[in-house]
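Below: one structure, written as C-alpha cells.
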Amino acid sequence: MVKPLPAWLRYVILGICAVTLLALFSGEISDSDFWWTLKSGQYIAHNHKLPSPDPFSFTTAMAHDAYPGESVVRQFNLTFEWLAQLIFYGTYSMAGFGGIVLLRALLLSSCCALIGAIAWMRCGGLYRSLAAAFGAASVLAIFFTYDRSYLFTYLFLALTLAILEWRRRLWLLPVIAIVWANCHGGFFLQWIAVGAYCLEAAWLRYRRKPQANERALWITLAACVVASGINPNGYRVLQVLYYFRRSFLQSKLLEWQSPPLLPPSVFSALLFAGAAVLIWRFRRVRLADWLLFAAFAAAALMAQRNMFLVAFWAPVVLVTYVPWNRALPALAHYSAALAACLLLALAVSRGAFQFRVAEWRFPAGAADFLLTHHVTSRMFNTYELGGYLMWRLYPEERVFIDGRALSESVFGDYARILYNHSSSDGLPSGPEVLDRYNIQTIVMNTFEYAEGLVYNLAPSLWDQDSKWKLVYNDPQALIFMREPPPGVQPIPNNTVFSHMEDECAVHLQHEPKVLLCARSLGLVFARIHDSTRELKWLNYYLSQPHVKDPQAEAAYSQLFAPQKR
C-alpha cells in the first residue's frame, strides 16, 4: 500500500517552490524602459498631475502627426499607466531599487501561484499544480522579467481567472477592473476572460445543464466593462490598438512583431502541446477552455508582448485534460523535494536575488558628467539611453527620444541622425537634421545588439577636423559636444573605435549569447583597413555558435589572402 504524502513534506515542497519562483524573477534591473516609468511616477507624486503634455522630451511638442490618430496614441501613452508608475515610484521611495526587484518577483510569482491554484481546482494534484505554475514561469522568466506596468496585467488576469474558476467572490472583479484600468491598458483582457465563462454558461443552459451562478456571471461582465471605463482614457485603448497596427514605429519595435515558432522554445512547446491536447480530448474540453485558448493563442501569435497569454492557459489545459491516475511511490515524494532543491540551486547560480541595478548597461558616468558641468543645451541621445537620462537629468535637461515611442516623425529624424543618412534620397541628411533641432550635445552608445547594427553617427565623427568634440568616454556611452564645457579638454575622436570595442566587450561579458556586435566590429575595422582588430573580432565571432554567415566568413578568409586586398 502506498503511503500518502506526509503533510510536513507537502509544506516543504511548496515552500521550496515558492522561494524558487521568487529566485527566477529576482534578477537585477536591466530594462531601459523602467527608468521613464519611474520618472513618470516621481512626476505624478511631486506635481499631483499626469505627465501630459510631455515634460521630459523637448521633441514631443515639435512633432507632427505621421498618421491619423497619432495624437490620440500619444496622449494615451502619456496617461494610461499612471497608477502603476506611482506604485513603482512609491516602492522605490520606500525600499530603493531592491524594493523594485522584490515587487517584480512578488507580482510574477503570484501570477504563477494563481495558475497553479487554478490547476489545483481542476485536478486536485499537487505535482500537476506545481507543473502548471512552473510551466507559466518558464515563459515569464525568459521573456517578461522587466519592471514595467504590464506586470499588473499579468497579476490581475491571473487573479480574474482564479476567481472565475473558484466561482466565488465575483464582486471582486469590478473592483479589480477599476485598479487594472489605471495600471495598464490590458484591462480589456478581463472582458475576454469573464465573457468566455459567460458564453460557457449560456452554452450549458442551451444543453439543459444550467449553472447556478449564470446570472451573476453576466452581471459581473457588465459591471467589469462599466468599471473599466473609470480611467483617464475611458475605452480608448481599443482605438489605440487599431492605430498601433497602422504605425510604422510600433511595427519596428520587437515586442509588436510575431514571435518565432522555430527553433522550438518553451513558448512554442506550450502552444503546440496545448493545441494538441485540446484536439485530442475535444469531446471533454470545456467551452471556456476552447475560447480562452483560441483567443490567447491568436493574440500571442500577433505580437511577442502577448506570449504570456499562452503561458497562462496552456499549462491549465495540459493538467486538466492529460489523464493521470497513477499513484506515486513514497520515494517519488522525496525525489520531488530534492528536484525542487536542485531547481532552486540552479536559479540561484544563474543570478537570482540580485536586488540592484545592472550598472553595466546604463550611462551613469555620462549622466554624472552632464550634471557636474551643468550641461543644459539641446541633446541628442540614443533610444535605449533615453529613459535613464530622463530619470537622471530632468528637469535640468530634456531628452530627444526615449522608449515611450511618442512620435513617428521624431523617430524618422532620429534614424536619419543615428545612421548618418546622406541627402541623396531627397530628404535632409543626418547632420542637417541635427542642425535643424539645434543639437549641441550627443549622448550615445554605438550598437543595437539584437540585430548587430552599428550606429553610424559615432564612427562618422572620428575625423579630427570634425566640429564635434568628444568630451566623455566610458564603455556605456560617448558624449560629443560642439563646445566643450569650461576646463574640459577634448578626447581624440578616434577614441570612438576603442570605445566600440570596450562597449561590445562589456556586453559580451554579460550577454555572451548575443554576439552580433563582434561581427559588426570586424566589418567596421575591415572598412577602415585595420586588419589586426578585424581579425580579432571576426575570429571571436566565428569561433562562437552562430548561424551560417557568408559575409563574415568571406571577410575573415580575405585576411589570409593579402594579395587580393
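Note that the structure is a prediction, hence the values are computed from the model and not measured.
Proximity of the aromatic rings of F56 and Y43 is defined here by a centroid distance below 6.0 angstrom, and this criterion is met. No close placement of the Y437 and F380 rings is indicated, their centers lying 6.0 Å or farther apart. Taking the centre of each ring, W36 and Y383 stay at or above the 6.0 Å mark. For W256 and F244, the ring centers are positioned less than 6.0 Å apart. The aromatic ring centres of Y154 and F308 sit less than 6.0 Å apart. The aromatic ring centres of H507 and Y449 sit less than 6.0 Å apart.
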Could you tabulate the donor-acceptor pairs under 3.5 Å formed by side-chain atoms of residues 351-364, not counting sequence neighbours?
residue: Q354; atom: OE1; partner: R356; partner atom: NH2; Å: 2.8
residue: Q354; atom: NE2; partner: G351; partner atom: O; Å: 2.5
residue: R356; atom: NE; partner: E28; partner atom: OE1; Å: 3.3
residue: W360; atom: NE1; partner: E28; partner atom: OE2; Å: 3.4
residue: R361; atom: NE; partner: S30; partner atom: O; Å: 3.2
residue: R361; atom: NH2; partner: E511; partner atom: OE2; Å: 2.5

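If you take CD on E396 and CG on L370, they are separated by 11.0 Å, rounding to the nearest 0.5 Å. Considering CG of N381 and CG of L418, their distance stands at 10.0 Å, rounded to 0.5 Å. Here OG of S407 is found 7.5 Å from CD1 of I401. Values are rounded to the nearest 0.5 Å.
Contact check for L521 versus R533: no side-chain heavy atoms found under the 4.5 Å cut-off.
Contact check on R74 versus D54 returns no salt bridge, with no Lys/Arg side-chain nitrogen under 4.0 Å from an Asp/Glu carboxylate oxygen. Taking the charged nitrogens against the carboxylate oxygens, K536 and D530 have no contact shorter than 4.0 Å, which rules out a salt bridge.
Pairing each heavy atom of A66 with each of E70, the nearest pair is N-OE1, 2.6 Å. For the residue pair L385 and A477, the shortest heavy atom distance occurs at CD1-CB, 4.3 Å. Minimum interatomic distance between A367 and L389 (heavy atoms only, all atoms of both residues): CB-CD2, 4.4 Å.
Take S110 and apply the side chain to side chain contact (heavy atoms under 4.5 Å, CB included) test, not counting sequence neighbours, and it matches L155.
W391 and Q42 are not linked by any side-chain donor-acceptor pair at a separation below 3.5 angstrom, with hydrogens and angles left out of the test. The closest side-chain donor-acceptor pair between D549 and Q551, if any, does not fall under 3.5 angstrom. Under 3.5 Å, the side chains of N539 and Y556 contain a donor-acceptor pair of N or O atoms.
Aromatic ring orientation, F156 versus W180: tilted (interplanar angle from 30° to 60°).
At distances below 3.5 Å, at least one donor-acceptor pair connects side-chain atoms of Y235 with backbone N or O atoms of V225.
More than 12 heavy atoms of other residues, nucleotides or ligands lie within 6.0 Å of OH in Y419, so this atom counts as buried by the packing criterion.
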